Amino acid sequence: VLHSRVARSNIMAFTMMGAQVTIAGPPTLIPRGIEATGCEVVHSLDRLEEADVVYLLRMQHERMNESFVPSLREYARLFQINSRRLGPRQLVMHPGPINRGVEIDSAVAAGRQAVILPQVTFGIAVRMAVMAMLASN
């Protein structure tokens with residue numbers, strides 16, 4: 001979340017639409033004061049079963065010059081979404097690209113609960129429409 005424009009945009013959009021947003025991650029990857037955007041912050045996946053939609057973000061290796069997490073293995077152990085953690089009614093979203101085996105298990109990414117490919121496809125069309133509207137005004 002610390003390095004993510006997607007997270008900030010989604011938190012604002014989802015809360016404006018009435019969604020209850022909770023972000024989860026290690027304290028080192030949560031921006032200070034992010035709660036002011038209307039979200040709740042937790043540092044574990046203990047309440048994951050409460051979510052209707054699980055929206056994952058990519059671990060951005062290129063921005064990890066400092067030690068934000070002890071290791072990717074430790075991060076995956078604590079925060080990876082896998083079939084053991086995911087409930088049968090939950091949808092999984094991810095803006096891509098995916099780090100399989102880090103933030104998401106390959107089986108979940110390819111599973112029936114994942115709406116990642118349609119999300120990415122429609123996201124391109126939505127961004128194009130927004131840019132066309134802005135360019136025409």
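Along the sequence shown, residues carry numbers from 1. Keep in mind it's a predicted model, so treat the numbers as computed, not measured.
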Looking at every non-hydrogen atom in both residues, tell me the closest pair between [X] and [Y] and how far apart they are.
| X | Y | result |
| --- | --- | --- |
| Pro95 | Tyr55 | CD-CE2, 3.5 Å |
| Ala114 | Ala109 | CB-O, 3.4 Å |
| Leu57 | Ala7 | CD1-CB, 3.6 Å |
| Gly38 | Thr15 | O-CG2, 3.8 Å |
| Val21 | Phe14 | CG2-CB, 3.6 Å |
| Ala24 | Phe79 | C-CE2, 4.3 Å |

Atom [atom1] of [X] and atom [atom2] of [Y]: how far apart are they, to the nearest 0.5 Å?
| X | Y | atom1 | atom2 | answer |
| --- | --- | --- | --- | --- |
| Asn10 | Met93 | CG | CE | 7.5 Å |
| Arg58 | His94 | CZ | NE2 | 8.0 Å |
| Asp105 | Ile98 | CG | CD1 | 11.0 Å |
| Asn82 | Glu103 | CG | CD | 12.5 Å |
| Arg85 | Asp46 | CZ | CG | 9.0 Å |

Any donor-acceptor pair under 3.5 Å linking the side chain of [X] with the backbone of [Y]?
| X | Y | answer |
| --- | --- | --- |
| Gln113 | Val108 | no |
| Gln90 | Leu48 | yes |
| Thr37 | Ile34 | yes |

#### Entry: side-chain contact (heavy atoms from CB on, under 4.5 Å) evaluation trace for Ile104 with Ile116
CA-CA 12 Å; Ile104 189 168; Ile116 298 166; 4.1 Å; yes

#### Entry: Verdict with reasoning, Leu29 to Met59, per side-chain contact (heavy atoms from CB on, under 4.5 Å)
CA-CA 10 Å; Leu29 291 176; Met59 179 65 83; 3.9 Å; yes

Counting only pairs under 3.5 Å, give me each side-chain donor-acceptor contact of residues 123-133, with atom names and distances, residues two or more places apart or in other chains.
unit_1: Arg127; atom_1: NH1; unit_2: Gly123; atom_2: O; d: 3.3

### Task
Using salt bridge (charged side-chain N to carboxylate O under 4.0 Å, His left out) as the criterion, list what pairs up with Arg47, not counting sequence neighbours.
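Checked Arg47 against salt bridge (charged side-chain N to carboxylate O under 4.0 Å, His left out); matches are Glu40, Glu50.
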
### Arg89: partners by salt bridge (charged side-chain N to carboxylate O under 4.0 Å, His left out), with sequence neighbours left out
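Per chain and number, Arg89 pairs via salt bridge (charged side-chain N to carboxylate O under 4.0 Å, His left out) with Asp52.
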
#### Entry: Identified side-chain contact (heavy atoms from CB on, under 4.5 Å) partner of Val115 from the options Val53, Val120, Val92, Leu91
Leu91

### Query
Does CD in Glu74 sit with more than 12 non-hydrogen atoms of other residues, nucleotides or ligands closer than 6.0 Å?
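For Glu74, atom CD is crowded (more than 12 foreign heavy atoms under 6.0 Å).
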
